[in-house]
Each structure stands twice: as C-alpha cells, then as structure tokens.
Amino acid sequence: MDYSFPKSGKLCGKMRIDAFYRQGKRFVSWPLRVTYLPSDEATEVLVWAPKSLFKRAYKRNRLRRLMREAYRLHQHELEGNWLLALNYMDKEELPYAVVEKAVCKAIKKMNSERVKE
RNA sequence: AUAGUAAGUCGGUCUGUCGCGCCGGUUAGGAAGAAAAAGGUACGCCUUUUAAUCCCCAUCGGUGAGGAAAGUCCGAGCAUCAUAGAGCACCACAGCGGUUAACGGCCGUCAGGCAGCAAUGUUUGGUCCCUGCUACAGAGACGAGAAAGGUGAAACGAGCACACUGUGGGAUGCAAUUCCAUGUAAACCGACGUCUGAGCGCUGCUCGCGCGAGUUGGAGGGUAGGAAGCGAAGAAGGACGUGGUAACACGCCGCUCAAGAUUAAUGACAGACACCCGUAAGGGCACAGAACUCGGCUUAUAGACUUGCUAUAUUU
RNA sequence: GCGGUGUUAGCACAUCGGUAGUGCAUCGGCUUCCCAAGCCGAGGAGGCGGGUUCGAUUCCCGUACACCGCU
C-alpha cells in the first residue's frame, strides 16, 4: 500500500488555486469543508486552517498536519482524479480521531459523486 | 534552614510504524539538442551515432524551528532613487563618564521622588535669553510699587513646553532591486502645455541644477508565471590568557557552526523513561512555528539548576 | 513579509493639558380624543495597565482588539 504524499500530489500556484476556488463545488464533512473539482491529470490536494479562527501559527500548523496525515493514510480509498481542498472550520482544536473520521466520510462522499457523473 | 533579591544557564530523552523539504551519490528511463562524424538531398534541409546539460522514478547517505522564531519598538548590513547640491520645515535623543559597526541598547556613577527592616527595585534629570501657557480659588498669575496675612501646585522667585540650546538623521524598503517570459493598441470625454516651459528627475516646502514636447484625470481593458536577491566563514559562538570595577577590548586555539520553504518542509500515531501533584487509583508536563540577514528592546512562558547579596531563627 | 490608522454614551461623530459636548435612540412630562411631529427635562461614556504634570480623553511607554495599503 502506498502511503507516500510527495509534492506532486499537492495543489500549488496562486493562480491555479484562485481559479479552483471560483469553479469548485463544495460540501461539509464536519469539522471540514471540502471543495472539489474533477481533474484530467493526477489528484492534487490542498489543506489549510483559517487564520481568522486560529490566531496562533502553531495551532494552524498542527491542524494542517492532522488533516494531511489523515488524507495520506486513506488516499488509496479515493477513486478517480480530483482537485481537492480540505479546510478546517470548527473553532475548537479537535483530536486526530475526529479529523480522521471526517476525512473518511469525505472520501466516501467523493466516490459516490463520481458514480453520479 | 526559611523567606527574599540580583545576575546567569537550560527549557525534555529514547524506541517502533508510516511520511515531508533541501543537498549529495548510484542505477534505470525520458526530454531537449550544442558540437563533431557518416549517409541522403529537390540545396531549404533530413536521417543516424556519440553525448555536456536538464527533468523524473527508484534507492542509499547527510541535514532540517526558537529563547523568545512573536510584537515590529529602535539600530545596522544590503538594494534602488541623480558621479548636484543648499536652506527651511519635520523627527529623535538629553545629569556625568564609558562601551559598540550602530542604537533610544548595555556598563559604571551622581542627585531627587516612591516601595521595602534590608539586599534591592522603580522613576525623573540640558536651558528659561526669546515665544507661549499656568483653569478654579485669589485684590493680583508673569503684566505690574513693596511687605504682612490669606488663596493657590506656584505670589515675584518660579514651574512647564508648543519655546530655546546642543548632537544626530536624504527618502523608500526584499511586495527593495535585477534578469527571462507575458502584457503594454487605437478611438472617446476633460485639464494643462509646446521655449513667455506643462511635466519629469531625490521624499514635505523653497532655491538651484539637469532633461524636456508632450503630460495628466475619467471611463474601459489587460498582465500578475519563472529565476536571482536567499543560505557554510562572519561586526559569529566557545575555551584559555591579558587589561578594565563593569559593559567590553585585544591576543591565542583547524574547539564549534551546512533549515532555506514559497497555499509554504521540519510531521502523525503508539509505547517507555525522566520531572511535578497525589496515601492510592490516577492526573499533569509551559509559552509557542523560520520567510533576506544581524545587534538590542519589549511582551508570553510550566518547571529545573548555578552563583552573589539581604533579613529572620537555631546550632557550634 | 513590510508600512500606516483607529478605539469617547446603545449608534454616528466633536473636544489647543483646565467641569467631556452634538445629533439620532431610550425614559419621564407638556401638547392631542389617540398616534406622529414639536417643546421641556432626565439617565448614560474616554479599550486596558503604568508614567510625566498641581491637573491627562489629550503628552509618553506598554498591552489588547479592529481596520486600511503594498505587485
């Protein structure tokens, strides 16, 4: 099983991200908000926590790393190629188990979206 | 011993599983294609071989957040603006002496106020010639005869800063700046101007100097990607010696020091140990994340340690 | 990352270092058959912690929060 998450799997570039957020569809998998868009090429993921809710940088880093690890360990369950953004939207700092559950739920939902299309 | 006070040091460690950025090596593959050689040609060029270089996959090795990385409050390096500057304005500092690349920092020291039994801490500190202010109260507040009493923070002698003196400061900041790529059209409405000079060039104003025929507002439209700056050695830290009360300076020692990302790496989970609280079960383990780089200051911070000094008590 | 601005009553804003005002809102009264408008009156404030000063919203230092600009 491949758990690696190299840089080519991350969504980069200011312009690409702007365009992605303009066109992308979104849904909520508490405490995450998921924005997605079908991709022709490989799957790329963006992960962040908002500065307005978490003023201290180390808290944002911590949450970003939790979400990233949860995605990394479950990425093989995701089918198809997507551009994907996960951002944290709860005011509280929640433990890893909660974040992991939310990511799994989001991946299941993505798979069912793919069947529809 | 307890309490206090000052200065300084540190601010977790290890193991397992799965991962990330950067640098270097190796193996395999791919892209583009300088140059050379050979062959072909319709003389435009085409094909093949070797292969610097680059990209990517795999793998191995190295390395990877702080004492405050924070606030952005000071001071510098560095970069651009004109190989033309001057004056004013503006801003900062302010006992005295020293220190430094520099500083508003740091060290020593003097005087006053406040807190404390004390060690000590904290705070203020150029000048009143000119200009201005001193409410209420008071006959009168810097103008005027004086004194006593009264008022008032202050009553003729002053206090203070917006005043004066001395010293220093050009402006803007890495979103600086340089290179590559991309974009930069015309027309329309308005303002100023073409040597009687609009505007631009070093910031606010004035002068001076240079360039100068177009400049500018509106409306509308477009680009905003990559590389360098940006990472090993320098105003660096440490040991020892000398000078100095000290900050610090000098000498000497191959003693130490390799993050460099860019929606942004430096991690996630599990376990053990150490430490703290508790009889135990058990619980706790701070503040906090590099973004060009240094020197300071300020603010946040669980806990641990070292040394000096002070007070109190006891013992010898 | 760098630079700048603000915080005064429930809201929007004033105020050379000398008793903190104005408008709207709120409450009470007058007026009206009742309401609105109008008139009279009342309550209510300097983000927080220090310093300078006889005296601080104003000057200085620290701190918290909010906002703006950059190519």
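Per chain, numbering begins at 1; letters A, B, ... match sequence-line order. Keep in mind that this is a model prediction, so the values were computed, not measured.
A 3.5 Å limit on both hydrogen-bonding distances identifies B/A115 as the Watson-Crick or G-U partner of B/U120. In a base pair of the Watson-Crick type (N1 to N3 plus N6-O4 or O6-N4) or a G-U wobble (N1-O2 and O6-N3), with each distance short of 3.5 Å, B/U13 is matched with B/A272. The base-pairing partner of B/G308, taking Watson-Crick or G-U wobble contacts with both distances under 3.5 Å, is B/U5. Pairing partner, B/G44: none, since no Watson-Crick or wobble contact has both distances short of 3.5 Å. Pairing for B/A259 is absent, with no Watson-Crick or G-U wobble pair whose two atom distances lie under 3.5 Å. Under the Watson-Crick or G-U wobble criterion, with both distances below 3.5 Å, B/U83 has no partner in any strand shown. B/C209: Watson-Crick or G-U partner is B/G201, with both key distances under 3.5 Å. Judged by Watson-Crick or G-U wobble contacts below 3.5 Å, the nucleotide B/G97 has B/C107 as its partner.
With both ends at atom C1', the span from B/C255 to B/G238 equals 7 Å, rounded to whole Å. The same atom, C1', is picked in B/A32 and in B/U53; the two are 10 Å apart, to the nearest Å. Spacing of C1' atoms, B/U184 relative to B/U223, comes out at 9 Å, to the nearest Å. Atom name P, nucleotides C/U15 and C/C59: the rounded distance is 12 Å, in whole Å. B/A300 and B/G237: their C1' atoms are spaced 27 Å apart (whole Å). Rounded to whole Å, the C1' atom of B/C103 lies 4 Å from the corresponding atom of B/G75. Annotation: B/C189 and B/C200 have their P atoms spaced 25 Å apart (nearest Å). Comparing the same atom, C1', in B/U206 and in B/A176 gives a spacing of 30 Å after rounding to whole Å.
The base of B/G19 lies outside donor-acceptor range of the side chain of A/R65, with no N or O pair under 3.5 Å.
In this structure, B/U310 shows a glycosidic angle more than 90 degrees from zero, which is the anti conformation. Glycosidic conformation of B/A233 is syn; the angle stays within 90° of 0. In this entry the base of B/G16 is anti relative to its sugar, with a glycosidic angle more than 90° from 0. More than 90° away from 0 lies the glycosidic angle of B/G199, which makes this nucleotide anti. Against the 90° criterion about 0, the sugar-base torsion of B/G19 places it in the anti range.
Applying the 4.0 Å criterion to OP1 and OP2 of B/C18, one finds that A/R68 has every side-chain N and O outside that range.
Counting to the nearest Å, the C1' atom of B/U266 and the CZ atom of A/R64 are 11 Å from each other. Counting to the nearest Å, the P atom of B/A264 and the CG atom of A/N87 are 13 Å from each other. When the P atom of B/C20 is taken as reference, atom CG of A/L46 falls 18 Å away, rounded to whole Å. A straight line from OH of A/Y71 to C1' of B/U263 spans 16 Å, rounded to a whole angstrom. Atoms CG (A/L73) and C1' (B/A268) sit 8 Å apart, rounded to a whole Å. For the pair A/R62 CZ and B/A286 C1', the computed distance is 16 Å after rounding to whole Å. Atom-to-atom, NZ of A/K55 to P of B/C287 comes out at 17 Å; the value is rounded to the nearest Å. Rounded to a whole Å, the CZ atom of A/R60 is 14 Å from the C1' atom of B/A290.
Applying the side-chain contact (heavy atoms from CB on, under 4.5 Å) criterion to A/K59, with sequence neighbours excluded, gives A/F54, A/R56, A/E93. With sequence neighbours left out, A/R60 forms a side chain to side chain donor-acceptor pair (under 3.5 Å) with no residue at all.
Remark: RNA chain C takes part in the stems C:1-7 with C:64-70, C:10-13 with C:21-24, C:26-30 with C:38-42, C:47-51 with C:59-63, each of 3 or more antiparallel Watson-Crick or G-U pairs, criterion distances under 3.5 Å.
Residue order along RNA chain B, read from the 5' end via each residue's closest nucleotide, puts A/Y96 first among A/Y96 and A/R56. Heavy-atom nearest nucleotides on RNA chain B were determined for A/R72 and for A/V45, and the one closer to the 5' end corresponds to A/R72.
Residues A/R64 and A/N61 have side chains that bring a donor and an acceptor to within less than 3.5 angstrom of each other.
Scanning all heavy atoms of the two residues, the minimum distance from A/Y88 to A/P50 falls at O-CD, 3.1 Å. Pairing each heavy atom of A/S29 with each of A/A102, the nearest pair is OG-O, 2.9 Å. Annotation for A/E92 and A/D90: closest pair N-OD2, 2.9 Å, computed over non-hydrogen atoms.
Distances were taken from every side-chain heavy atom of A/S4 (C-beta onward) to each of B/U263, B/A265, B/G19; the shortest belongs to B/G19. Of the candidate nucleotides B/A265, B/A288, B/A290, B/A288 has the atom lying nearest to any side-chain atom of A/Y58.
Rounding to the nearest 0.5 angstrom, the gap separating the NZ atom in A/K101 from the NE2 atom in A/H74 is 12.5 Å.
A/N111 is listed as a side-chain neighbour of A/L78, based on a closest heavy-atom distance under 4.5 Å.
Hydrophobic clustering keeps A/M67 apart from A/M89 (ILVMFWY residues linked when any side-chain heavy atoms are closer than 4.5 Å, directly or through intermediates). Follow the hydrophobic side-chain contacts under 4.5 Å out from A/I107 and you reach A/F27 in the same cluster.
Counting non-hydrogen atoms under 4.0 angstrom, A/F5 reaches the backbone sugars and phosphates but no base.
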